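Heads up: the structure comes next, in structure tokens.
Here is the naming used below: chain letters follow the sequence lines, and residue numbers restart at 1 for every chain. Just so we're clear, the structure is a prediction, and the values are computed from it rather than from any experiment.
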2 protein chains.
Amino acid sequence: MTQATNITPLFNNLAKIERDRNVACHACSLYSLCLPLGLNNNDLVRLDNIIERSQNHKRGHTLFTSDQPFRSLFVVRSGSFKTTISAKDGRDQVTGFYFPGEFIALDAIHQQNYQSNAKALESSSVCELPFNNLEEIGKEMPQLQIQMLTRLSKELAGDKNLMLLLGKKTADEKLATFLLSLSKRFQERGFSATDFQLSMSRGDIANHLGLAVETVSRLFSRFQEEGLILIAGKALSIKDIEKLRLMCG
Amino acid sequence: MTQATNITPLFNNLAKIERDRNVACHACSLYSLCLPLGLNNNDLVRLDNIIERSQNHKRGHTLFTSDQPFRSLFVVRSGSFKTTISAKDGRDQVTGFYFPGEFIALDAIHQQNYQSNAKALESSSVCELPFNNLEEIGKEMPQLQIQMLTRLSKELAGDKNLMLLLGKKTADEKLATFLLSLSKRFQERGFSATDFQLSMSRGDIANHLGLAVETVSRLFSRFQEEGLILIAGKALSIKDIEKLRLMCG
DNA sequence: CGCGCGTTTGACATGACTCAAATGCTGTGG
DNA sequence: CCACAGCATTTGAGTCATGTCAAACGCGCG
């Protein structure tokens, strides 16, 4: 079996941030992807002051669960997270994967409790935004409000597309769509659009796409046979991104 | 076949509103379900002034499509709508059904275009909220901003549950969950939780739940044989709501 | 009243799941 | 640093829930 080689480690540029966890928004490499975008200096300082920058979370660490009271939104600083919701009988659905600059817990605003469970997929850190404070300073920062609305709206649009994926797409189309979504997000963050590490397990991918683990595994094998990708464990290299695009349905 | 009888016509209490389309927010029967909740009188008047109350939309009328520029949010005033998104090849997914007091187009905020297509399922009317104006007055009404965030967050939470439904539930569980969701929303609007009209076609239901029309039709028949419901065309009567709840998975 | 589309029902096909087992990888403790 | 345990992944074989195709039916709209 051919090996995927020279894969760029995921977000290794962010190692610096993990070491210096108290870097302020204006100095943060995620600045342009994150909430502060469009704020003036004064407002930025006020926002900065309500943010609690978290300790490092190890792989598997639970950020929150749906039985806990909602207090804060989180923005991924480094690493990655998955969110899940559970049916009564324990079945659960991976509702999303979250990368640096992305918000977690937007579905919990103004509910008593979080609406999902969030877990770190690798060593990760977050910025915690206590919602009461955010609400408070938001009253005086229209630009921040717009940002919040935009964020929510974007996640909503993404979820509608996931509904299309889950409801109408074949297994091939699901996986192709998923890989391209990751590719795009990595590219937006300044990383390679074709070579990256999958921080989530096959099980998580399968669950998220409404497939069985075995199906995902077989698809990875077949995509590789067909020359679309190289996959070795968690290391992925996209070899024919155009063909992959045509497969998305 | 037993007939479902004495079905309460859907939203006929709202006939009055349809006749007098210019009723202001403070006089609207949807007030408590709608955006103005929590606004003081001054703010309410300002909001009132930017709202454009629509003509009556006939069944099948398209409110907007995803190739049109985004200008306004819509709140259903009477009747009901469905939204869909389309894959390149024309397959589409019904992403939601919308009833009085519910927002349409929240997924389009701060995108160039609408992200989905919206179509009336029956004779319906809407309040149109030009987003630029809403944004403008929102700067001075924290309470309105909170309302907007809450609305978006609630729709997001609902969509996450739809992902669970589409990804993990069996056909039976999907239909049971769907019927109970309608039941709950009708009840919140002051109508019967057990007897109502389905304004959408079997095809729309099937599409929304990721099933084939034939499957939905068979399920309705079986649910009726099992004494869970009575269904006659579009008239639905829930006979064993508890058992239905146990079936939701 | 009649046409057409939406719905129902039946028969059959199949994509993806489940079960099973081999293999590989990773983290841990000695 | 290595060896082992346990979990993740891959691969194969067989099954099943749901989709597809086909045809009859009937309701509702014009």
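For the pair B:Leu209 CG and D:dT18 P, the interatomic distance rounds to 12 Å; values are reported in whole Å. One can place CG of B:Asp204 at 14 Å from C1' of C:dC5, the figure rounded to the nearest angstrom. The interatomic distance linking A:Arg222 (CZ) with D:dT10 (P) rounds to 14 Å, in whole Å. Counting to the nearest Å, the C1' atom of C:dG27 and the NZ atom of A:Lys58 are 13 Å from each other. For the pair A:Lys174 NZ and C:dC17 P, the computed distance is 7 Å after rounding to whole Å. When the C1' atom of D:dT9 is taken as reference, atom CG of A:Leu219 falls 14 Å away, rounded to whole Å. As a whole-Å value, the separation of B:Gln224 CD from C:dT8 C1' is 12 Å. Summarising the geometry, the separation between CD1 on A:Ile231 and C1' on D:dT9 is reported as 11 Å, rounded to the nearest angstrom.
A salt bridge does not link B:Arg151 with B:Glu102: none of the charged nitrogens is closer than 4.0 Å to a carboxylate oxygen.
Ring pair A:Phe70/A:Tyr114 is perpendicular by interplanar angle, where above 60° counts as perpendicular and below 30° as parallel.
B:Ala171 comes within 4.0 angstrom of the backbone, heavy atoms only, and of no base. Across all strands, B:Gly210 comes closer than 4.0 Å only to sugar-phosphate atoms, never to a base (heavy-atom distances).
Nearest to the side chain of A:Leu211, among C:dA16, C:dT8, D:dT11, sits C:dA16.
Of the residues in residues 161-170 of chain A, none has a non-hydrogen atom less than 4.0 angstrom from any atom of DNA chain D.
Residues passing the side chain to side chain donor-acceptor pair (under 3.5 Å) test with B:Gln93 are A:Lys168, sequence neighbours excluded. With sequence neighbours left out, the side chain to side chain donor-acceptor pair (under 3.5 Å) criterion links A:Lys154 to no other residue. Evaluation of the side chain to side chain donor-acceptor pair (under 3.5 Å) rule for B:Ser221 yields no partner, not counting sequence neighbours.
The nearest heavy atom of DNA chain C to B:Arg202 and to A:Val213 marks one nucleotide each, and the one closer to the 5' end goes with B:Arg202. Ranked by how close their nearest DNA chain D nucleotide is to the 5' end, B:Asp172 and A:Ser221 are led by A:Ser221.
Applying the 4.0 Å criterion to OP1 and OP2 of C:dC17, one finds that A:Thr215 has a side-chain N or O inside that range. Considering only side-chain N and O atoms, A:Ser217 lies nowhere under 4.0 angstrom from the phosphate OP1 or OP2 of D:dT11.
Checked by atom type and distance alone, the side chain of B:Asp159 never pairs as donor or acceptor with a backbone atom of A:Asp159 at under 3.5 Å.
One axis for each end of the helix from C:dC1-D:dG30 to C:dG30-D:dC1, each built from five base pairs, and the angle between them comes to 60° at 10° resolution.
Between B:Ser66 and B:Ser116, the side chains place no donor N or O within less than 3.5 Å of an acceptor N or O (distance only, hydrogens not considered). A donor-acceptor pair shorter than 3.5 Å can be found between the side chains of B:Thr84 and B:Asn117.
Between A:Lys160 and B:Thr95, the shortest heavy-atom distance links the atoms CD-CB, 3.7 Å. When all heavy atoms of A:Pro100 and A:Ser78 are compared, the closest pair comes out as CG-CA, 4.0 Å.
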Along nucleotides 22-30 of chain D, 5' to 3', which nucleotides get a B, which get an S, and which get a -, given that the test is a protein heavy-atom distance under 4.0 Å? B--------
Take B:Glu128 and B:Ser72 through the side-chain hydrogen bond (donor to acceptor under 3.5 Å, both in side chains) test and state the conclusion after the steps. CA-CA 6 Å; B:Glu128 178 171 353; B:Ser72 300; 2.7 Å; yes
Given side-chain hydrogen bond (donor to acceptor under 3.5 Å, both in side chains), test B:Ser54 with B:Ser125 step by step and report yes or no. CA-CA 6 Å; B:Ser54 82; B:Ser125 59; 5.2 Å; no
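For D:dT20, its base sits under 3.5 Å from the side chain of B:Arg218 at one donor and acceptor pair at least.
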